[in-house]
Amino acid sequence: MYQYIDNPQALTEFVSRIRNQPWIVIDTEFIRERTYYPQLCLIQIAAGDDMACIDPIALTDLSELYEVFHDPNVIKVFHAAQQDLEILYYGSGQVPSPIFDTQPAASILGIGDQIGYAGLVEQVLGVSLAKAESRTDWSRRPLSQAQLEYAIDDVRYLQQLYPTILSMLEKGGRLKWPKRDFDRLTNSETYQLNARTRWQKVKGLQNLNRRQLSVLRELAAWREEEAAKRNRPRRWIIGDEVLVDLARIQPSDVDGIQAIRGVNADQAKKYAQPWFDCMAAGLELPEAEWPQMKRRKKPTPENDALAELLMLVIRLEAERHDITPSAITSKKQVVDMLEEGRTTLSEDWRGELVNDAIVKVLEKQTVLGVESGKAQLLDWPE
């Protein structure tokens with residue numbers, strides 16, 4: 001059984017029952033199609049014998065619940081935590097911590113790569129979850145019984161998964177492996193607005209020169225701040241194609257702005273001055289401060305072939321540890337390693353698994369060969 005909590009007294013009573021639990025399971029439902037910031041619509045929690053769907057639309061003050069989320073003595077368990085943590089960070093100004101995320105943990109155990117919640121539940125618990133409410137509008141009230149049942153299942157089975165996943169990690173000596181992933185997820189910088197870097201995600205920017213990119217950076221930063229201020233999707237403020245055309249053409253009057261495809265008369269009048277200011281700011285910067293596009297170069301034929309070889313080495317190490325190779329690294333990351341002159345990958349558990357094998361191959365201590373009909377790493381022949 002679970003509660004539907006939409007009044008302060010019920011929330012206070014629920015929080016008093018769960019605040020001393022060593023760990024709790026959390027999931028959220030939200031929408032963001034019509035807003036810049038995600039709109040929190042439901043919080044599901046399982047803690048021991050208590051389960052609840054908490055209605056943040058009906059409840060204006062969630063501070064006592066956030067106290068539990070921020071309690072360093074309570075582990076907060078999620079699956080694919082980043083979006084949940086983002087919306088809880090926006091709600092309270094602080095990222096819940098400490099956390100445990102079953103998605104990267106499952107990857108470490110070789111249970112798929114970035115596996116979804118339903119897939120993990122089915123694979124570990126043998127339960128097939130309903131999908132009927134996956135596209136529901138969680139902001140509409142009242143919520144139906146079917147919607148609430150669907151929502152509570154996201155913590156009902158996660159509460160069963162957590163100790164199982166934890167036991168599997170401990171048994172394999174991998175309990176500390178996800179720490180770096182969890183540290184990144186609980187770092188507030190992961191969720192902070194950085195309008196000055198948004199230009200890098202504008203579609204079509206590859207056709208601009210560096211001076212035009214300087215203008216685009218100012219325009220994209222303006223749009224990001226405007227979208228955040230008005231809490232509207234950035235595409236509702238102005239589309240990527242308009243930003244690129246403004247940066248490329250750099251019109252000098254309102255008529256020139258209005259001539260750009262996708263800009264109507266109202267937008268031209270409303271935004272002309274801030275756009276002129278952005279264009280002027282971008283053009284006034286000295287060349288040394290213009291943004292630089294990181295255009296990916298093709299690897300040298302030697303590094304490309306060596307990366308292919310090292311991916312086979314990584315695959316063998318991954319299979320030895322019952323992990324999918326893609327959970328450890330990609331060929332692109334291996335190429336980057338070689339192009340940068342490094343001989344090791346990351347310093348987290350991924351590097352711990354494969355760095356020694358990579359170094360031994362590069363230093364001619366081992367060689368990739370075939371023994372007993374299987375590809376293996378063999379000692380380098382004397």
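Remember, it's a predicted structure, so these values are computed and weren't measured experimentally. Along the sequence shown, residues carry numbers from 1. Computation of the quantities below employed the complete heavy-atom set of this structure, encompassing side-chain atoms and omitting hydrogens, waters and symmetry-equivalent molecules.
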When every non-hydrogen atom of Leu219 is compared with those of Cys278, the smallest separation belongs to CD2-CB, 3.6 Å
Scanning both residues in full, the closest heavy-atom pair of Val367 with Pro381 reads CG1-CD, 4.1 Å
The complete set of ring pair (Phe, Tyr, Trp, His ring centres under 6.0 Å) pairs with one or both residues in residues 330-379, sequence neighbours excluded, reads Trp177-Trp349
| Should we say atom CG of Asn264 is surrounded by more than 12 heavy atoms from elsewhere, each under 6.0 Å from it? | yes
* **Neighbour count >12 (heavy atoms, 6.0 Å) for atom NZ, Lys360** => no
**Message:** Before you tell me yes or no, could you show the steps for Tyr162 and Trp23 under ring-ring contact (aromatic ring centres under 6.0 Å, His included), namely the whole-Å CA-CA distance, both residues' side-chain angles and the distance that decides it to 0.1 Å?
**Reply:** CA-CA 10 Å; Tyr162 172 60; Trp23 56 273; 4.6 Å; yes
Before giving the answer on salt bridge (charged side-chain N to carboxylate O under 4.0 Å, His left out), spell out for Lys331 and Asp304 the whole-Å C-alpha distance, their side-chain angles and the decisive distance to 0.1 Å. CA-CA 9 Å; Lys331 182 183 174 183; Asp304 188 62; 2.8 Å; yes
Sequence neighbours excluded, the answer for salt bridge (charged side-chain N to carboxylate O under 4.0 Å, His left out) partners of Glu29 is none
| query | Would Glu86 and Arg32 satisfy salt bridge (charged side-chain N to carboxylate O under 4.0 Å, His left out), going step by step from the backbone distance to the final call? | reply | CA-CA 12 Å; Glu86 178 190 26; Arg32 69 185 316 167; 3.2 Å; yes
Which of Pro98, Pro22, Ser97, Pro96 passes side-chain contact (heavy atoms from CB on, under 4.5 Å) with Ile75? It is Pro98
Taken to the nearest 0.5 Å, the spacing of Phe78 CZ from Ile24 CD1 works out to 7.5 Å
Side chain to side chain, Arg34 and Trp236, heavy atoms closer than 4.5 Å:
yes
- [ ] Keeping the roles fixed (side chain from Asn355, backbone from Thr344), state whether a donor-acceptor pair exists under 3.5 Å.
- [x] no
Nearest heavy-atom contact between Gln44 and Thr28 is OE1-CA, 3.6 Å
Would you say the side chain of Glu317 lies within less than 4.5 Å of the side chain of Ile323, judging by non-hydrogen atoms? no
Check for a donor-acceptor pair, side chain of His79 on one end and backbone N or O of Asp27 on the other, with a separation under 3.5 Å. no
Side-chain heavy atoms of Arg248 within contact of Leu208, under 4.5 Å: yes
- Check whether the side chains of Glu13 and Gln9 place a donor and an acceptor atom closer than 3.5 Å, and report yes or no. yes
In Arg223, Lys203, Arg235, the residue satisfying salt bridge (charged side-chain N to carboxylate O under 4.0 Å, His left out) with Asp240 is Arg223
| message | Given 3.5 Å as the limit, does a donor-acceptor pair link the side chain of Gln250 with the main chain of Ala247, or not? | response | yes
Taking side chain as C-beta onward, heavy atoms only, is Gln83 less than 4.5 Å from Phe30?
yes
Practice task
Without swapping roles, check the side chain of Arg210 against the backbone of Pro291 for a donor-acceptor pair under 3.5 Å.
Solution key: yes
Only residue of Lys201, Arg196, Arg234 satisfying side chain to side chain donor-acceptor pair (under 3.5 Å) with Glu224 is Arg234
Handout entry: Short side-chain to backbone donor-acceptor contact, Thr35 and Tyr37, under 3.5 Å
Key = yes
Short side-chain to backbone donor-acceptor contact, Gln94 and Tyr89, under 3.5 Å: no
Are Val354 and Leu345 packed together at the side-chain level, in the sense that at least one heavy-atom pair is separated by less than 4.5 angstrom? yes
Q.
Please check: side-chain N/O of Tyr117 versus main-chain N/O of Asp154, any donor-acceptor pairing under 3.5 Å?
A. yes
Any chance the side chains of Tyr191 and Gln82 put a donor and an acceptor closer than 3.5 Å? no
TODO: Look at atom CZ of Arg174 and say whether more than 12 heavy atoms of other residues, nucleotides or ligands are closer to it than 6.0 Å.
DONE: yes
Return yes if some donor-acceptor pair links the side-chain N/O of Asp322 with the main-chain N/O of Gly110 below 3.5 Å, else return no.
-> no
* Side-chain donor/acceptor of Gln333 to backbone N/O of Ser330, under 3.5 Å -> yes
Q) Quick one: do Arg350 and Asp181 make a salt bridge, cutoff under 4.0 Å? A) yes
**Report entry** Residue Glu347 excluded, over 12 heavy atoms near CD under 6.0 Å
**Finding:** no
Validation row: Ile54, Leu11 side chains within 4.5 angstrom (heavy atoms): yes
| said: Tell me whether Arg17 at atom CZ has more than 12 heavy atoms from other residues, nucleotides or ligands lying less than 6.0 Å away. | reply: yes
### Exceeds 12 heavy-atom contacts within 6.0 angstrom, atom CG of Asp379
no
### Query
Mind checking whether Ile358 and Met337 have side chains closer than 4.5 Å, heavy atoms only?
yes
**Message:** With a sphere of 6.0 Å drawn around CZ of Arg230, does it hold more than 12 non-hydrogen atoms of other residues, nucleotides or ligands?
**Reply:** yes
One should read off an interatomic distance between Arg156 CZ and Met1 CE, to the nearest 0.5 angstrom, of 9.5 Å
Heavy-atom check, side chain of Cys41 versus side chain of Ile31, under 4.5 Å: yes
Practice item. Determine yes or no for a side-chain-to-main-chain donor-acceptor pair under 3.5 angstrom, with Glu289 supplying the side chain and Pro286 the backbone. Key: no
In plain terms, say whether Lys374 and Glu319 are close enough for a salt bridge, that is, a side-chain N and a carboxylate O under 4.0 Å apart. no
- Task: State whether a side-chain donor-acceptor pair under 3.5 Å links Asp113 with Ser326.
- Result: yes
* Does CZ belonging to Arg261 count more than 12 external heavy atoms closer than 6.0 Å? -> no
